[in-house]
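Single-structure report; data block below.
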Amino acid sequence: MAEASRSATVGSRLERGQQLLIDGQWCEASDGARCDIINPASGQVLGHAAVAAEADTDRAIQAARRSFDAGAWTGLTPAQRGKVLWTIGDLMEQHLDEIAELESLDTGKSLDATRGGEVPFAADCFRYYAGWCTKIEGATKTLSTVPDQQFHIYTRREPVGVAALIVPWNGPLVQAAWKLAPALAAGCSCILKPAQQTPLSTTRLGELAVEAGVPDGVVNILLGSGSGAGATLAADYRVDKVSFTGSTRTGREILSAASGNLKKVTLELGGKSPVIVFADADLEAAIEGAAQAIFSNAGQVCVAGSRLLVAQSVYEQVVSGVVEIARALEPGTGGHCIGPLISAEHRDSVLAWIETGQGEGATLRTGGRAVEAGGGYFLEPTVFADVEPGMQIAREEIFGPVLAAMPFPDDAAPEEVAALANDSEYGLAASVWTQDISRAHRTVAAVRAGIVWINCHGIPDMAVPFGGYRQSGWGRENGMESLLQYTELKSVVARL
Ligand code: NAP
Ligand code: MG
């Protein structure tokens, strides 16, 4: 597979290697450790990145702590901080082509997707939270317990302190932005750790933050493994908050590591999100939507629609429609292709789930095999029909392009269909496809998920809170809700 032609800027950046950002300085790991950066669409080594040693993680935490305690960032006015965040968004847009190329090479996403979607979206995230800097407010209160004295009572929203931001590989830039922008808007000092597999857009973002005027020590970047730098950040007593996106299993580990100093924890975890198609839906749109929901980014999306629940009378039509779309998807990184999985190991784990599905007796309608294309980690888009709710492929997050379809009776009430949808330990997202307004809203009300789309799937927005019920997480990303999770609330009671 031809790699996206590489620009000179990106070429020299890759040659230099990716470094750690600690206290405003870029540096190698103290023990010189490095790892390769791989392009999953070709299997080729793109360059190398530093791997933070314990001493580097310690220095980054110290730098964040020092900058926070010295008021390096909170000492600016809210408007000044907002301007810096806005500038980061502008700089991202100025360097859109370069960042889009980096993200595409690192993740195997198409350039169309990174240039038209991820980079502008991440830039908008900084602008969205730039606006919030001047709007973080407390309230005044009136006391009832002491009737014959006067008081002035108010609340203050203060930054939570040093925030560790741990990000996965499936949307490195956007997910870093979703954490860094609100944390900075709230006044936190941050330590950002991208997944070891995808450092490229994060280090570029770090440079832009420095260029935009973020003071030394306020944004630190640790490259390296989850079991190394990640685990240390989650456990360290000098860290006040950890915001994590990744698997539910790692979420649990973070939670127990965080229990030492009871740091605040936000978790955006896995999902097994249902796409629910009623018989009266616009089927053409539903078929297209269901296919998009599971095949975009090769199913490596936390809100991937990996369970397809369809009314019996249209079940065959919908399943065959999705199968047809799956068969037409070529492996590659073009706009209408199915992209690679992030690594050979991850592809193997998805293949193992496909084998499990076959062993459980589900009908493999299409796909199921690895595709040899240009050395990349491609996999055929895969559709299983006749899946039973108890099967593992209906329950486990596979995080690949593997759909589990099952029918429900046409005369089932919305609440009964929602009960099927809710038969999962997860509760991240869902979509409901119907033209009947009451059916749509009754289903929405009964589904246990943090975001439910009606007649669409997977549309994000900075203003729309996003996160999980049940084992899909704690807290919300985006909107004011995310911002508040980087704050503490102080009540002040003054007797006059
Ligand atoms: P993961 O193993 O949980 O890794 C996510 C991040 O956590 C990476 O930066 C990883 O570092 C780090 N990490 C791993 N172990 C750690 C530990 N013990 N302490 C601290 N940090 C640790 O997840 P993944 O398998 O790479 O990513 C896919 C998963 O993420 C899927 O399950 C998906 O559902 C979930 N996800 C959820 C959302 C959401 O918004 N809810 C979004 C995207 C992805 P290294 O990888 O560098 O070792
Ligand atoms: Mg990579």
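Below, each value reflects all heavy atoms present in this structure, side chains not excepted, and no hydrogens, waters or symmetry copies. Position 1 is the first residue of the sequence, and the numbers go up from there. Both counts, for ligands and for their atoms, begin at 1 and track the order of listing.
Between R238 and D58 there is a salt bridge, since a side-chain N of the basic residue sits under 4.0 Å from a carboxylate O of the acidic one. Ion pairing between E268 and K179 fails under the 4.0 Å rule for side-chain N and carboxylate O. Checked for salt-bridge contact, E425 and K272 miss the test: no charged N lies under 4.0 Å from a carboxylate O.
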*Would Q485 and K241 count as a side-chain contact (heavy atoms from CB on, under 4.5 Å) if you check the C-alpha gap in whole Å, the side-chain angles of each, and the deciding distance to 0.1 Å?*
CA-CA 9 Å; Q485 289 163 158; K241 150 121 198 171; 3.7 Å; yes
*Are S67 and S189 close enough, and set up right, to give a side-chain hydrogen bond (donor to acceptor under 3.5 Å, both in side chains), and what steps lead you there?*
CA-CA 7 Å; S67 72; S189 286; 2.8 Å; yes
*Does the pair D56 and S30 meet the rule for a side-chain hydrogen bond (donor to acceptor under 3.5 Å, both in side chains), with working shown?*
CA-CA 6 Å; D56 303 312; S30 52; 3.2 Å; yes
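For the pair W178/F121, a side-chain contact is recorded, criterion being any heavy-atom separation below 4.5 Å from C-beta on. Using a 4.5 Å cut-off on side-chain heavy atoms (C-beta onward), M406 and L420 make no contact. Counting heavy atoms from C-beta outward, W169 and T107 have side chains that stay 4.5 Å or more apart. The shortest distance between side-chain heavy atoms of V210 and L21 falls below 4.5 Å. Taking the side chain as every heavy atom from C-beta outward, K264 and Y486 never approach each other to under 4.5 Å. Side-chain contact between L267 and T248 is absent, with no heavy-atom pair separated by less than 4.5 Å.
More than 12 heavy atoms of other shown residues, nucleotides or ligands fall within 6.0 angstrom of atom CZ in R395.
Taking a cut-off of under 4.0 Å to the non-hydrogen atoms of I254, the atoms of ligand 1 that pass are 19 (N), 20 (C), 21 (N). Residue-ligand proximity, I166 to ligand 1, at heavy-atom distances under 4.0 Å covers atoms 6 (C), 7 (O), 9 (O), 12 (C), 20 (C), 21 (N). Listed by number with element, the atoms of ligand 1 under 4.0 angstrom from any heavy atom of A195 are 9 (O), 46 (O), 47 (O). For ligand 1 and Q196, the ligand atoms under 4.0 Å from any heavy atom of the residue are 45 (P), 47 (O). Interface of G270 with ligand 1, defined as ligand atoms under 4.0 Å from a residue heavy atom, comprises 34 (O). Set against the non-hydrogen atoms of L428, the atoms of ligand 1 under 4.0 Å away are 41 (N). For ligand 1, the atoms lying closer than 4.0 Å to a non-hydrogen atom of K193 are 9 (O), 11 (O), 45 (P), 47 (O). Those atoms of ligand 1 that come under 4.0 Å of a heavy atom in G224, given as number and element, are 47 (O).
No part of Q300 comes within 4.0 Å of ligand 1, judged by heavy-atom distances.
In this structure, G171 falls outside the shell of residues with a heavy atom less than 4.0 angstrom from ligand 1. Judged by the shortest distance from any of its heavy atoms, R249 lies outside the 4.0 Å radius around the atoms of ligand 1. At a 4.0 Å cut-off, not a single heavy atom of A234 sits close enough to ligand 1 to count as contact. At least one heavy atom of S225 sits closer than 4.0 Å to an atom of ligand 1.
Counting protein heavy atoms only, atom 23 (O) of ligand 1 is closest to S247 N, 3.5 Å. With hydrogens left out, the protein atom closest to atom 41 (N) of ligand 1 is L269 O, 2.5 Å, a heavy atom. Shortest contact from atom 22 (C) of ligand 1 to any protein heavy atom: G226 CA, 3.4 Å. Here the protein heavy atom with the shortest distance to atom 32 (O) of ligand 1 is E397 OE1, 2.4 Å. Protein heavy atom closest to atom 24 (P) of ligand 1, with residue, atom name and distance, is W169 NE1, 3.5 Å. If you check which protein heavy atom lies closest to atom 7 (O) of ligand 1, you get F244 CE1, 3.1 Å. Among protein heavy atoms, the minimum distance from atom 38 (C) of ligand 1 is reached at C302 CB, 2.9 Å. The protein heavy atom nearest to atom 18 (N) of ligand 1 is E253 OE1, 3.0 Å.
Each of V162, D240, V242, V160 was scored for a side-chain contact (heavy atoms from CB on, under 4.5 Å) with K263, with one residue passing: V242.
Ligand 1 has no nitrogen or oxygen under 3.5 angstrom from a nitrogen or oxygen of S227. On a distance-only criterion, S472 and ligand 1 share no N/O pair closer than 3.5 Å. At under 3.5 Å, not a single nitrogen or oxygen of N170, backbone or side chain, sits near a nitrogen or oxygen of ligand 1.
Nearest heavy atoms, L428 versus S472: N-OG, 3.2 Å.
Ring orientation note: the planes of Y128 and W132 are nearly perpendicular, at an angle over 60° on the 30°/60° scale.
Evaluated by nearest non-hydrogen atom to atom 36 (N) of ligand 1, the leading choice among G468, G230, A429, G246 is G246. In this comparison of T250, L222, T245, T232, the heavy atom closest to atom 16 (C) of ligand 1 sits on T250. Of all the listed residues (L233, L192, V167), V167 holds the heavy atom that lies closest to atom 6 (C) of ligand 1.
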